[in-house]
Amino acid sequence: MRRLAIGLCLFLFAQLAWCVDIIGNRSVSVDSLSLASARSIFGMRQVKWPDNSHIQVFVLADTHPTHVALCKERLNLFPYQLRQSWDRLVYSGMAQAPTEVGNEEELINKVAATPGAIGYVRKVKPNDAIKIIAIQ
Amino acid sequence: MMRSRSLRFSKTVFAFSAIFFNALVQGQELGPGLQAHGFISQSLVYTSDNQVGGDSDDGLAADFRELGANLSWRASPDWLFSGQALARWAGESDRGDLRLDYGFVDHTLLADGDDQVGVRVGKIKNPYGFFNTTRDVAHTRPGIIMPQSIYLDRVRNFFLSAPGVGVYGNHAGMIADVSWSIGAVRFDADDPSLEHLFFLNNQPGKFNGETSWIGQVMSDIDGGRWRLGLTLADVNMQYQPTAADTELTAGRNRVRPVVLSLERNSERFSITGEYSQAKHETRGYQGAGLLTSGLQNPNTIEAWYVQGTWRPSTDWRIYLRRDEIYRDKHDKKGQNGAVPGYEFINFAKDWTLGVRYDLNAWTFSAEYHKVHGVFWISSQDISLFDQKEYWDMVLLQAAWRF
């Protein structure tokens with residue numbers, strides 16, 4: 001019984017740790033991404049989906065808890081590394097910056113309204129007009 | 001002189017203000033696929049001796065600043081147009097002239113999921129070590145000034161970017177993300193700072209850039225916890241004398257640097273180190289004068305730095321750096337060809353202790369340097385014989401970006 005309770009707690013804890021969902025516009029043709037691809041997309045190095053459409057990346061501020069959780073829990077890197085990577089590309093002209101929005105609600109709305117968009121939120125509601133993209 | 005500088009400063013500030021104001025009013029996204037970004041920094045420099053970034057000797061130099069703005073337009077997933085204007089003030093070598101930092105067209109040739117290959121044509125930033133491509137943006141630098149061993153500011157204008165063509169690629173793998181680039185460029189070598197570096201003063205003739213190559217492989221392992229890089233370059237230029245040249249004939253200079261870069265990142269700590277050797281050789285210079293005979297001896301510039309950075313919280317960082325450079329790796333005391341008593345012009349060894357605080361788009365930094373040698377001091381700012389062997393420097397900087 002005690003083992004079961006510990007197991008259940010660990011399971012719930014693991015679920016809590018994975019509570020940032022990567023979301024995409026419904027036009028996005030992929031349902032899942034490798035960790036390497038997800039890093040490449042949020043690092044602004046990969047700019048095209050497999051169907052050749054443009055990837056539009058929406059993010060929250062560097063210090064936003066959901067952004068921190070995305071970096072640490074889903075991309076397995078630190079927020080300052082993502083910022084450094086963006087800055088290196090943006091100020092040398094080699095890529096564009098992601099679009100920063102103020103809060104999660106705005107992020108969902110932008111992703112829902114922009115073809116090829118990708119973003120992330122803590123909690124997806126059943127009626128949100130977006131799709132969840134898994135990381136393998 | 002003062003009036004012309006002040007006029008140039010006003011014009012540059014006006015031009016940038018228009019771009020900045022426009023970007024601020026409309027945000028960074030100016031339209032579909034169109035973005036604007038920029039940065040500005042202002043530093044105060046005190047040196048116990050010698051001069052850095054203006055008249056800093058035993059005083060406070062306030063004319064060390066940078067201003068930049070860029071535009072990029074993603075016309076389609078395969079086409080990107082980018083350009084950046086830059087002005088920098090830092091003593092005699094940088095007097096605020098507005099210049100095109102980069103301006104190129106980027107075309108994606110292949111984008112197959114985890115692999116991308118593309119080509120860039122125009123004036124391209126030179127990928128050299130970890131930081132060269134964004135060395136003028138205070139937020140991206142490892143300190144207020146770059147580690148001078150690898151990123152010599154006294155020749156930065158020459159080495160920053162160059163017109164040419166470059167091919168690049170990126171592979172996102174399970175273990176590592178590998179990016180590479182190779183470019184054929186022609187440097188703008190008509191730069192007095194190069195003559196000060198190679199000839200110790202400004203000669204009447206000028207350098208012309210010749211076809212040069214620069215290539216880099218950079219690998220981010222485990223999401224960037226380890227970063228490894230190798231940069232190779234083959235930089236060629238020709239000296240063209242005028243009738244007024246008494247010391248030099250026509251000749252060619254060739255510099256072939258190799259840079260190894262290594263970084264370890266964790267949440268609170270980073271250790272960054274880079275090591276380079278740059279073989280410098282000449283051919284064609286005729287005559288038996290002191291300068292010509294000195295040029296006929298090839299030398300290998302050896303340089304390295306190691307920096308430890310501690311981030312006690314997300315907005316603070318404290319760093320300690322050791323930075324060394326030698327004009328000739330076989331002559332660490334700098335005796336070859338030096339005037340007795342001035343061997344210290346052939347090396348520089350620098351301890352740096354710095355602190356930085358980030359507040360949204362702002363960053364505020366303070367840095368202390370304890371330096372032995374003057375290799376990276378520009379002799380355009382202070383005459384060779386006025387330079388002192390042991391000196392200290394304090395820098396303060398405020399910077400903002402959008």
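Nothing here was measured: the structure is a model prediction, and the numbers come from that model. Below, chain A is the first sequence line, B the second, and so on; all start at residue 1.
- Neither the backbone nor the side chain of A:S85 comes within less than 4.5 Å of any heavy atom of chain B.
- Interface remark: B:S76 contributes no atoms to any contact with chain A (heavy atom separation under 4.5 Å).
- Among the candidates A:L89, A:T99, A:L35, the residue making the largest number of heavy-atom pairs closer than 4.5 Å to chain B is A:T99.
- Listed for the A:Q96 side chain is a donor-acceptor partner under 3.5 Å among the backbone atoms of B:S72.
- Considering every non-hydrogen atom in both B:G223 and A:L77, the closest pair reads O-CB, 3.6 Å.
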Check: Where do B:D78 and A:K48 land on the side-chain contact (heavy atoms from CB on, under 4.5 Å) test, with the steps shown first?
Finding: CA-CA 8 Å; B:D78 289 334; A:K48 278 163 69 169; 2.7 Å; yes
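- Interface residue B:Q84: only side-chain heavy atoms are found under 4.5 Å from chain A.
- More than 12 heavy atoms of other residues, nucleotides or ligands shown are found within 6.0 angstrom of CG on B:L100.
- Within the 4.5 angstrom heavy-atom criterion, atoms from both the backbone and the side chain of B:T133 approach chain A.
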Item checked: Worked check of side-chain contact (heavy atoms from CB on, under 4.5 Å) between A:Q46 and B:N170 -> CA-CA 9 Å; A:Q46 186 177 328; B:N170 184 72; over 6 Å; no
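- Checked for salt-bridge contact, A:R39 and B:D220 miss the test: no charged N lies under 4.0 Å from a carboxylate O.
- Remark: the backbone N or O of A:G93 is paired with a side-chain donor or acceptor of B:Y102 at under 3.5 angstrom.
- Among all heavy-atom pairs drawn from A:D87 and B:T140, the shortest one is CB-CG2, 3.6 Å.
- From A:S40, atom OG reaches atom NE2 of B:H171 across 10.0 Å, with rounding to the nearest 0.5 Å.
- Proximity of A:P79 to B:T314: side-chain heavy atoms (C-beta onward) are nowhere separated by under 4.5 Å.
- In this structure, CE in A:M94 is found 6.5 Å from OG in B:S181, a value given to the nearest 0.5 Å.
- Here the shortest heavy-atom pairing between A:S53 and B:P77 reads C-CG, 4.2 Å.
- The contact between B:D222 and chain A is made by backbone and side chain atoms together, counting heavy-atom distances below 4.5 Å.
- With chain A as the partner, the residue from B:S266, B:P127, B:G173, B:S270 showing the most heavy-atom pairs under 4.5 Å is B:S266.
- More than 12 non-hydrogen atoms from other residues, nucleotides or ligands lie less than 6.0 angstrom from CH2 of B:W180.
- For B:F130, the part lying near chain A is the backbone, with the side chain staying farther off; criterion is any non-hydrogen pair under 4.5 Å.
- When heavy atoms are compared at a cutoff of 4.5 Å, A:A95 approaches chain B solely by way of its backbone atoms N, CA, C and O.
- Note that CG of B:D358 and CG of A:D62 are 9.5 Å apart. Values are rounded to the nearest 0.5 Å.
- Within a 6.0 Å radius of NZ in A:K131, other residues, nucleotides and ligands contribute more than 12 heavy atoms.
- When the candidates B:N265, B:I175, B:D101, B:D136 are compared by the number of heavy-atom contacts under 4.5 Å with chain A, B:N265 comes out ahead.
- Only the side chain of A:Y80 has a heavy atom closer than 4.5 Å to any heavy atom of chain B.
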Next item on the list: Please assess B:H139 against A:R83 for the test side-chain contact (heavy atoms from CB on, under 4.5 Å), listing each intermediate value before the final yes or no.
Entry: CA-CA 10 Å; B:H139 290 73; A:R83 169 56 63 188; over 6 Å; no
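- Remark: B:E267 CD is packed, more than 12 non-hydrogen atoms of other residues, nucleotides or ligands lying under 6.0 Å away.
- Interface residue A:S37: backbone and side-chain heavy atoms are both found under 4.5 Å from chain B.
- If you measure heavy-atom distances from B:Q116 to chain A, the contacts under 4.5 Å come from the side chain alone.
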Next item on the list: Please step through side-chain contact (heavy atoms from CB on, under 4.5 Å) for the pair B:R225 and A:F78, ending with a clear verdict.
Entry: CA-CA 9 Å; B:R225 281 173 175 74; A:F78 306 111; 3.7 Å; yes
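- A donor-acceptor pair is defined here as one N or O able to donate and one able to accept, closer than 3.5 Å; such a pair exists between the side chain of A:Q81 and the backbone of B:G224.
- In this structure, A:Q56 CD and B:R74 CZ are separated by 10.0 Å, a value rounded to the nearest 0.5 Å.
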